[in-house]
Amino acid sequence: GAGVSQSPSNKVTEKGKDVELRCDPISGHTALYWYRQRLGQGLEFLIYFQGNSAPDKSGLPSDRFSAERTGESVSTLTIQRTQQEDSAVYLCASSPQGILYEQYFGPGTRLTVT
Amino acid sequence: AQKVTQAQTEISVVEKEDVTLDCVYETRDTTYYLFWYKQPPSGELVFLIRRNSFDEQNEISGRYSWNFQKSTSSFNFTITASQVVDSAVYFCALSERAGNQFYFGTGTSLTVIP
């Protein structure tokens, strides 16, 4: 079946602009995750949705970051007033159940803020 | 403090050598899960294994084996007879039953030299 998909695959934006990143999880997966991976570094956990609800938003780096999920399906990660330090690959993953289960990752969105 | 520590940043081995990737974790939860993921040069993370805190049996899957020791809070990963295709960044990760976050280590970059 189809895996996790993310769009766009690449995004170049000017500092100060808003960007919206999209994630389509594997059909039927109730849990969805967003991570940030800076070049050559590990994965930074941003947020996790169980269904449409995010139990803990403390991983979001600042109030410029927000995420939502509708219909237990698509999720969007929005970054407002982008800064150069936001440049990274943003990874989305989904799992069939909750946070104790294996995650299946998408290819990521590479965001470059100029 | 890091929840998951992968002290080895980079490892190089010659093909057919065995290699062990170390992972040390920290948690106060009695129920938790440990994971290993592989990120090949193509970039997309691949799930390798999930192990719960109540199962300390070692696991073997082909050339891969995992050694879980609660006494030392370690979950090490061994690749036997390494191959060039094993070249990747390997991440160890932790999730806790009482938590709403997922913790990745900083990764170990493995290069297998032909």
Side-chain angles (χ1 to χ4, degrees), chain A residues 2-6 9-10 23-26 29-61 67 69 88-111, chain B residues 2-10 21-25 27 29-55 59 61 66 75 88-111:
Chain A
V4 177
S5 61
Q6 293 186 244
S9 53
N10 277 286
C23 172
D24 281 89
I26 293 172
H29 280 197
T30 61
L32 184 147
Y33 312 80
W34 284 99
Y35 295 88
R36 179 168 69 179
Q37 186 174 31
R38 291 198 167 107
L39 186 63
Q41 298 190 17
L43 278 76
E44 179 185 359
F45 178 89
L46 298 180
I47 194 168
Y48 145 64
F49 287 92
Q50 182 59 50
N52 295 339
S53 167
D56 183 348
K57 298 183 179 180
S58 64
L60 294 173
R69 187 181 186 197
V89 175
Y90 289 83
L91 294 166
C92 176
S94 69
S95 65
Q97 299 183 56
I99 204 163
L100 300 178
Y101 293 83
E102 62 270 23
Q103 299 172 30
Y104 298 88
F105 282 80
T109 293
R110 182 175 299 278
L111 175 65
Chain B
Q2 285 283 346
K3 284 272 198 179
V4 178
T5 301
Q6 294 181 255
Q8 304 151 307
T9 308
E10 296 182 1
L21 310 182
D22 297 333
C23 173
V24 173
Y25 63 93
T27 181
D29 209 332
T30 54
T31 303
Y32 54 90
Y33 286 77
L34 296 161
F35 304 78
W36 276 93
Y37 287 83
K38 174 182 180 180
Q39 188 173 37
S42 62
E44 203 154 324
L45 277 108
V46 176
F47 164 76
L48 295 178
I49 190 169
R50 168 180 177 258
R51 177 51 56 96
N52 78 56
S53 52
F54 299 107
D55 182 2
E59 173 121 0
S61 176
W66 290 269
F75 187 45
V89 180
Y90 291 86
F91 292 95
C92 180
L94 164 75
S95 66
E96 300 162 315
R97 187 174 192 88
N100 291 305
Q101 294 201 10
F102 201 85
Y103 304 96
F104 274 86
T106 49
T108 297
S109 178
L110 173 66
T111 302

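Chain identifiers are assigned alphabetically (A, B, ...) following the order of the sequence lines, protein sequences preceding nucleic acid strands; residue numbering begins at 1 within each chain.
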Participant: If you tally heavy-atom pairs under 4.5 Å against chain B, which of Tyr33(A), Phe45(A), Tyr35(A) wins?
Facilitator: Phe45(A)
Participant: Which heavy atom in Ile99(A) sits nearest to a heavy atom in Ser95(B), and how many Å separate them?
Facilitator: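 Looking at all heavy atoms of both residues, the closest pair is O-OG, 3.1 Å.
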Participant: Given heavy-atom pairs under 4.5 angstrom as the criterion, report whether the side chain, backbone, both or neither of Phe35(B) touches chain A.
Facilitator: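 The answer is the side chain of Phe35(B).
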Participant: Is chain A contacted by the side chain of Glu96(B), its backbone, both, or neither, given a heavy-atom distance below 4.5 Å?
Facilitator: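 Looking at Glu96(B), just its backbone touches chain A.
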Participant: At a heavy-atom separation under 4.5 Å, does Ile47(A) approach chain B through its side chain, its backbone, both, or neither?
Facilitator: neither
Participant: Which atom names give the shortest non-hydrogen contact between Gly59(A) and Gln101(B), and what distance separates them?
Facilitator: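 Minimum heavy-atom separation between Gly59(A) and Gln101(B): N-NE2, 4.2 Å.
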Participant: Chain B: which of Pro55(A), Gly108(A), Pro107(A) shares the most heavy-atom pairs with it under 4.5 Å?
Facilitator: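 Of Pro55(A), Gly108(A), Pro107(A), Pro107(A) has the most heavy-atom pairs under 4.5 Å with chain B.
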Participant: Is the backbone N or O of Leu100(A) less than 3.5 Å from a side-chain atom of Arg50(B), with the two atoms forming a donor-acceptor pair by type?
Facilitator: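 Yes.
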Participant: Please classify the contact of Tyr37(B) with chain A as side chain, backbone, both or neither, using a heavy-atom distance under 4.5 Å.
Facilitator: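 For Tyr37(B), the contact with chain A is made by the side chain alone.
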Participant: Taking the side chain as every heavy atom from C-beta outward, state whether Tyr33(B) and Glu102(A) have any atom pair closer than 4.5 Å.
Facilitator: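 Counting from C-beta outward, Tyr33(B) and Glu102(A) never come under 4.5 Å.
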Participant: What closest approach, in Å, do Glu44(B) and Gly106(A) show between heavy atoms, and which atom pair accounts for it?
Facilitator: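 Shortest heavy-atom separation between Glu44(B) and Gly106(A) comes out as CG-O, 3.7 Å.
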Participant: Quick check: are there more than 12 heavy atoms from other residues, nucleotides or ligands sitting under 6.0 Å from CZ of Arg110(A)?
Facilitator: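 Not buried by this count: 12 neighbours or fewer within 6.0 Å.
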Participant: Gln41(A) and Phe91(B): which non-hydrogen atoms are nearest, and at how many Å?
Facilitator: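 Scanning both residues, the minimum pair turns out to be O-CZ, 4.3 Å.
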Participant: From Phe104(B) CZ over to Gln37(A) CD, what is the distance, rounded to the nearest 0.5 angstrom?
Facilitator: 9.0 Å
